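Quick note on labels: first sequence line is chain A, next is B, and so on, each numbered from 1. If you're wondering where the values come from, they're calculated on a predicted model, not measured in any experiment.
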Amino acid sequence: MSTRFKKILFGVGPTLGLTLLASAGMAQEATEAAAEAAPTLDAGNTAWMLVSTALVLMMTIPGLALFYGGMVRKKNVLGTMMQSFAIAALVSVLWMVVGYSLAFAEGNAYVGGLGKALLTGIGVDSLSGTIPETVFVVFQMTFAIITPALITGAFADRMKFSSMLVFMAAWVLVVYAPVCHWVWGGGFLMGDGVLDYAGGTVVHINAGVAGLVAAIVLGPRKGFGTDNMAPHNLTLSLIGASLLWVGWFGFNAGSAVAADGRAGMAMLVTQIAAAAATLAWMMVEWILRKKPSALGAVSGAVAGLVAITPASGFVGPSGALVIGLVAGVVCYWGATGLKHALKYDDSLDAFGVHGIGGIVGAILTGVFAMESIGGTAGLLEGNAGQVITQVYGIVATVVWCAVATFVILKIIDVVMGLRVSAEEEREGLDISLHGETVH
Amino acid sequence: MSTRFKKILFGVGPTLGLTLLASAGMAQEATEAAAEAAPTLDAGNTAWMLVSTALVLMMTIPGLALFYGGMVRKKNVLGTMMQSFAIAALVSVLWMVVGYSLAFAEGNAYVGGLGKALLTGIGVDSLSGTIPETVFVVFQMTFAIITPALITGAFADRMKFSSMLVFMAAWVLVVYAPVCHWVWGGGFLMGDGVLDYAGGTVVHINAGVAGLVAAIVLGPRKGFGTDNMAPHNLTLSLIGASLLWVGWFGFNAGSAVAADGRAGMAMLVTQIAAAAATLAWMMVEWILRKKPSALGAVSGAVAGLVAITPASGFVGPSGALVIGLVAGVVCYWGATGLKHALKYDDSLDAFGVHGIGGIVGAILTGVFAMESIGGTAGLLEGNAGQVITQVYGIVATVVWCAVATFVILKIIDVVMGLRVSAEEEREGLDISLHGETVH
Amino acid sequence: MSTRFKKILFGVGPTLGLTLLASAGMAQEATEAAAEAAPTLDAGNTAWMLVSTALVLMMTIPGLALFYGGMVRKKNVLGTMMQSFAIAALVSVLWMVVGYSLAFAEGNAYVGGLGKALLTGIGVDSLSGTIPETVFVVFQMTFAIITPALITGAFADRMKFSSMLVFMAAWVLVVYAPVCHWVWGGGFLMGDGVLDYAGGTVVHINAGVAGLVAAIVLGPRKGFGTDNMAPHNLTLSLIGASLLWVGWFGFNAGSAVAADGRAGMAMLVTQIAAAAATLAWMMVEWILRKKPSALGAVSGAVAGLVAITPASGFVGPSGALVIGLVAGVVCYWGATGLKHALKYDDSLDAFGVHGIGGIVGAILTGVFAMESIGGTAGLLEGNAGQVITQVYGIVATVVWCAVATFVILKIIDVVMGLRVSAEEEREGLDISLHGETVH
Amino acid sequence: MKLIMAIIKPFKLDEVREALTPLGVQGLTVSEVKGFGRQKGQTEIYRGAEYVVNFLPKVKIEVAVNDDIADRVIEAIQGAARTGKIGDGKIFVLDLAQAVRIRTGEANAEAL
Amino acid sequence: MKLIMAIIKPFKLDEVREALTPLGVQGLTVSEVKGFGRQKGQTEIYRGAEYVVNFLPKVKIEVAVNDDIADRVIEAIQGAARTGKIGDGKIFVLDLAQAVRIRTGEANAEAL
Amino acid sequence: MKLIMAIIKPFKLDEVREALTPLGVQGLTVSEVKGFGRQKGQTEIYRGAEYVVNFLPKVKIEVAVNDDIADRVIEAIQGAARTGKIGDGKIFVLDLAQAVRIRTGEANAEAL
Ligand SMILES: Nc1ncnc2c1ncn2[C@@H]1O[C@H](COP(=O)(O)OP(=O)(O)O)[C@@H](O)[C@H]1O
Ligand SMILES: Nc1ncnc2c1ncn2[C@@H]1O[C@H](COP(=O)(O)OP(=O)(O)O)[C@@H](O)[C@H]1O
Ligand SMILES: Nc1ncnc2c1ncn2[C@@H]1O[C@H](COP(=O)(O)OP(=O)(O)O)[C@@H](O)[C@H]1O
């Protein structure tokens with residue numbers, strides 16, 4: 001497969017460059033197939049997708065903002081929440097201008113074209129399957145928002161706000177949009193049969209790996225390992241995790257792009273996996289640390305939600321139960337043992353939970369996929385090859401994401417620097433970057 | 001009717017035992033009637049039920065977690081929120097394994113069978129009426145989650161986390177699932193014509209009575225009546241109550257299992273009753289205590305929402321207005337006069353608001369039910385018998401719930417103890433049970 | 001047009017008076033036209049409207065309550081949140097009793113009749129277009145709730161709770177209901193072709209102007225300009241603004257009263273405008289004040305959401321982008337330069353953001369309206385007259401709102417006083433009005 | 001006069017206050033402090049990161065009294081604040097040169 | 001030198017600070033405390049449970065000054081903090097044996 | 001005995017504590033205070049309203065020690081808390097008349 005990866009590495013970069021320069025081609029229906037299959041608008045499906053969009057936006061603001069905000073020290077809570085909020089705004093505009101097009105417009109195997117830049121040709125009557133394309137655009141926009149927002153957990157408390165914005169802008173266009181195209185926009189991973197129902201690869205592995213790279217490039221927080229960096233207010237994290245859980249129904253069941261049986265099954269397995277992972281993480285902690293913590297419970301829930309994401313449209317309740325249990329245990333290790341062993345400061349465990357959880361989920365999707373649910377059989381139904389395909393999808397994403405993220409960060413570091421000054425870091429982001437404090 | 005109750009007491013217990021041992025019968029459509037009536041999937045109804053499910057989950061996490069979390073002392077806020085969160089996870093898994101089956105699978109008049117244990121036979125295409133059965137499973141799951149979570153308010157600040165989990169697991173299977181079967185799963189109360197649209201009996205009376213029993217069995221908090229136990233942060237409770245209110249639309253209007261006129265009417269009366277009760281509680285407080293409090297306003301809102309729950313699909317706007325006003329006043333008494341008179345420590349008024357409010361609502365449903373709305377006439381339309389039937393439903397639930405809850409608690413007390421040590425209680429649940437604190 | 005205004009001033013008052021006295025006429029379908037056009041219930045549309053209603057309620061509680069609560073000093077947080085909560089309850093009941101009728105029942109050009117007082121004639125099967133009229137009633141109720149709640153930001157920290165309730169009751173009936181009738185209920189502004197898709201005029205200009213008048217009539221907070229009145233906890237405001245943003249999808253896309261292409265486009269432009277305004281405000285602050293603040297970012301988001309409100313069903317993505325950018329910059333000025341120049345204490349910028357933003361949006365709607373989207377062309381498509389019409393709508397609303405609000409406040413001031421005592425103001429509303437504190 | 005400063009366990013505050021009233025102490029000032037000493041705190045664990053809390057929540061009472069009752073006040077505090085477990089705290093006594101009641105300007109004895 | 005400790009009503013802090021500047025006081029330290037005394041607090045009521053707040057929020061000012069200005073400082077504080085209503089607070093004066101400015105190591109008078 | 005009161009920059013607390021242990025100091029009491037002095041605070045801006053924060057977060061350490069080690073304790077604190085930048089804080093030394101360990105009733109030297 002190595003040749004394949006050369007192709008990716010030496011393929012995507014240039015193509016992307018070219019595409020960006022290329023003059024806008026003519027608009028094309030985003031999801032032709034679907035469009036042909038069901039050419040008329042369905043109010044029920046549209047209603048569900050309008051709601052799913054709202055739910056996924058709620059995952060980032062206030063969900064993720066709170067989840068992360070509660071875990072940092074008090075002096076950084078506004079700065080942390082501000083990152084998610086500003087990313088929501090920044091990416092929305094970028095997505096409208098060119099992101100959506102790069103992901104979903106007619107293009108090549110690696111990246112979409114510019115045919116839909118500025119949403120050209122998308123009118124009030126344009127359909128994407130049975131729903132208005134406008135809804136599909138915003139729904140996908142909310143995914144493009146939460147992915148970079150997830151990364152911020154890895155470099156909490158120390159990145160310059162300006163550099164963070166520049167980094168996210170570049171990352172969304174150079175990493176997110178292409179990978180989104182690979183898997184959902186008609187790119188090569190889609191063609192190769194990689195299963196990722198709601199974004200285990202596109203969203204979580206992608207964000208987790210980018211976070212890991214960022215944590216390493218930026219280096220640890222001052223006082224990491226010595227100072228007390230206990231979460232300042234876990235009630236915020238509990239609210240955030242709860243809203244993430246609720247919003248995840250829009251994320252996974254919404255990925256059916258319809259209010260149908262598959263959406264229902266996606267919701268059911270999402271609930272089961274989240275619950276199982278919560279219990280699993282709690283139990284591991286109870287055994288190893290004598291006390292089940294609230295942070296552990298919510299971390300487990302998120303781990304389970306991450307792991308079920310790629311699987312949600314393909315597996316059944318029992319598969320979901322196992323995926324949840326495994327994710328709870330493995331992500332606990334990812335956020336504790338692994339991190340402490342390798343000594344990087346992935347401050348809020350963007351990689352430990354989303355990276356690891358995404359990988360677990362992607363692989364187990366290949367194991368538990370059921371033909372009767374998503375049309376594809378997995379290992380348990382005798383299709384061992386699917387697991388290989390899943391691993392292949394993971395590797396492709398990890399490689400491109402890691403390389404591109406590293407390059408982007410290094411360039412920004414040279415141009416404008418990545419970290420706040422030691423003084424500002426000690427004073428806290430709230431006052432030093434934003435001129436505000438929580439009184 | 002006494003014979004009837006003997007039958008219940010001596011009927012449910014054994015039957016439940018037997019059923020649990022019994023080998024799983026063959027799967028049966030949960031709501032056959034409905035299924036026959038409308039055999040095809042309706043995307044609009046499905047969309048609404050997907051959303052209602054998300055809304056009801058939101059009621060517990062973060063809604064109820066915040067509502068309760070804000071009312072306890074700071075040292076217990078994480079432990080309190082953790083209870084709701086852990087219950088959400090625990091009950092989800094239990095519901096999938098056997099709870100749903102005990103409530104909705106073909107069984108006898110007292111409890112469902114094991115035909116749907118592990119959700120056997122529920123595929124991506126299985127329907128429950130016009131929506132996927134998977135959606136019905138999760139929707140009902142969210143009811144099974146919030147009911148035990150409501151109980152936790154009664155024994156706040158003093159129960160062992162381990163014992164709490166064991167208690168809730170047993171309670172959901174021995175009390176909730178059967179009562180749910182009685183009223184909604186084809187059990188005897190359904191047959192006898194008891195009206196409970198969205199769970200006044202199944203959810204609120206059930207939780208309230210269980211809470212009262214638990215508060216008495218566990219005994220009061222250390223320092224109850226002497227120490228200052230003022231709510232530490234009512235902003236949390238205000239957020240929680242607001243999310244409960246919003247989520248309640250899914251609870252009541254969602255109980256129509258369709259996006260139709262009856263759902264609309266349910267939403268309208270829910271809003272009116274909640275509003276009326278808020279004003280009523282506020283006014284009573286204003287008159288008796290000279291100041292209308294925020295805690296009073298939100299307590300009133302919850303009281304009104306509880307009381308309209310059984311009535312929501314049966315009464316009209318004017319009925320809702322009266323139900324709300326009555327609930328606001330009576331629950332104020334339940335949470336103050338009654339409690340102080342009887343001296344039990346129902347710490348966050350699980351019984352005072354949910355028990356009393358549920359009873360008020362169940363009875364008034366019999367008074368204000370309109371044939372034109374739910375097909376059944378109430379007292380005002382000349383059907384006095386309905387009130388008797390409602391009372392009968394209440395008594396049946398109260399008796400079984402009280403007895404079973406008491407027995408379960410006593411057993412757990414003997415086996416592993418119910419309360420944390422005096423030392424742990426003083427230190428607070430956050431640090432002593434979960435090793436965390438809000439800084 | 002001056003004659004026109006005389007007619008308004010001397011027309012609405014009396015008419016309203018008469019109407020209120022008039023005996024209830026017979027019920028009439030609220031939106032006849034619509035009803036005729038689409039006489040059968042559509043489950044998809046109904047599902048979306050049920051959800052939109054929940055979303056818009058969520059905007060006020062907890063959304064707005066948190067947005068405002070975080071901006072005041074700690075001693076006033078409960079009192080501030082309580083205002084939104086109590087208004088939600090009060091207006092719900094008023095709306096049922098007579099508000100809905102005054103806005104949507106058959107009436108004259110200035111105010112609706114009493115034909116639907118107490119929701120007479122609205123049954124479980126009554127339709128409003130393709131959705132149950134009950135749903136339309138609650139959906140509109142949530143608009144009637146948030147509008148007065150928005151006003152409270154202008155007189156934060158100093159108004160008596162009792163006077164506040166009386167004021168809001170009067171204001172909703174004398175100002176909100178009529179203006180709502182003018183624009184949406186078949187009143188003269190509707191007839192004259194004023195475009196206001198989701199309430200830029202009815203909700204935001206109306207609330208903003210009322211707020212400005214209230215701020216001036218009540219006078220500034222004690223210590224305004226000298227004491228430190230920094231927001232006590234912006235994490236609350238960040239949560240609130242996020243929930244406002246999410247809920248706004250129900251507000252704008254819900255105003256399509258259907259789950260269709262126009263709803264989708266409304267959602268898309270809402271997202272774009274909110275994002276653009278967030279970035280705009282942030283950038284202005286960054287340039288002028290050296291630091292982009294979290295409060296600035298969320299203020300920008302709200303400004304953009306306000307400005308796109310009237311435009312949402314009429315403009316496309318590019319129009320939305322411009323509207324957002326302009327709103328971000330102009331509202332920044334409204335909340336800083338303008339306010340400081342004129343020296344009134346619009347404490348939380350109800351006018352600066354909602355009044356100014358609403359005016360910007362109403363005018364730009366006339367500029368960017370596209371025939372292909374909402375059926376009406378704007379300035380850019382050669383219909384310069386639309387801008388005039390928009391201005392006319394603004395002036396009509398501003399004049400009536402300002403005059404009526406002033407009169408109502410003055411009367412209340414004479415009868416019962418508007419402000420708390422200096423002592424109570426210093427102690428804080430929480431303890432002095434509600435007998436509670438955040439510990 | 002003496003300024004008596006006592007560092008005690010927070011939950012003992014009410015008992016101490018009640019023990020002082022009979023001695024004619026009409027006022028005192030309290031602040032939340034953190035104490036470091038022999039008593040060791042609980043461990044907090046967040047995703048595997050352990051933090052032993054060295055600084056434990058204590059309450060500091062400051063009460064100005066006349067010399068004549070100083071000793072009884074000290075005894076009363078010690079008696080009421082005592083649990084016998086490590087961490088009960090300390091009582092420090094300082095000489096108070098002067099005291100003024102702001103409202104009236106009364107000085108020393110009358111000020112207390 | 002003297003260490004002057006004043007317990008005042010919170011909203012009087014700025015006035016007091018401004019009253020001290022003209023006397024050449026260049027620094028002071030403030031802490032939030034709770035005061036128990038003759039002044040009675042408001043009652044909080046939660047679902048019928050009443051709590052009379054005995055401990056009222058006060059601000060404690062600690063300022064070290066040279067003996068020569070001590071009396072004027074005390075007067076200034078008393079003048080600025082006074083409302084005439086019960087609960088205005090107290091001023092306590094302690095002898096200060098030694099003072100050091102950490103940054104420079106300067107001692108006593110120079111340290112202030 | 002002496003009661004040494006030091007006002008330092010918050011992030012220096014651990015260093016100071018560690019500097020005292022070798023001197024045999026077994027306990028101390030800490031409180032969060034706000035300091036006003038030469039050091040000027042950052043400006044907070046909310047919708048154009050600027051607030052210069054005059055009162056900066058500081059930590060107050062109170063430690064009772066025997067006379068013999070008092071000077072070394074003062075030096076240790078000064079050494080550990082010093083950054084050389086304005087705002088490092090002060091050390092105030094008061095004579096301590098008496099000390100009692102609540103748990104045991106031990107007095108003075110034994111109480112520390
Ligand atoms: N030398 C000291 N100076 C000031 N405060 C002290 C000193 N020693 C102890 N304390 C305070 O007394 C509290 C209790 O002391 P500790 O040694 O833990 O228990 P005990 O008082 O029973 O010996 C500490 O938490 C600290 O606040
Ligand atoms: N003996 C005392 N020792 C220490 N602080 C005291 C003492 N008496 C009063 N205070 C402080 O002074 C504050 C005001 O005292 P109080 O008796 O309420 O009013 P007044 O100072 O007008 O007599 C109290 O809240 C308390 O903080
Ligand atoms: N006269 C004083 N009395 C009490 N505390 C003081 C006094 N002067 C300064 N402080 C405290 O010391 C802190 C530092 O003083 P400052 O003048 O800012 O810097 P430096 O100590 O370097 O001169 C102040 O924030 C305040 O808490």
Quiz item: So what's closer than 4.5 Å to chain F heavy atoms on A:T226: side chain, backbone, both or neither?
Solution: neither
Quiz item: Heavy-atom count around F:E32 CD within 6.0 Å, excluding the residue itself: above 12?
Solution: no
Quiz item: How long is the span from the CZ atom in A:R426 to the NZ atom in F:K9, to the nearest 0.5 Å?
Solution: 7.0 Å
Quiz item: Measuring from F:Y51:OH to A:H439:NE2, what's the distance to the nearest 0.5 Å?
Solution: 9.0 Å
Quiz item: How about F:F11: does its CZ atom have over 12 heavy atoms from other parts shown lying under 6.0 Å from it?
Solution: yes
Quiz item: Could you state the interatomic distance from CG (A:D227) to CG (F:D14), rounded to the nearest 0.5 Å?
Solution: 7.0 Å
Quiz item: Which pair of heavy atoms, one from F:E44 and one from A:I431, lies closest together, and at what distance?
Solution: CG-CD1, 3.7 Å
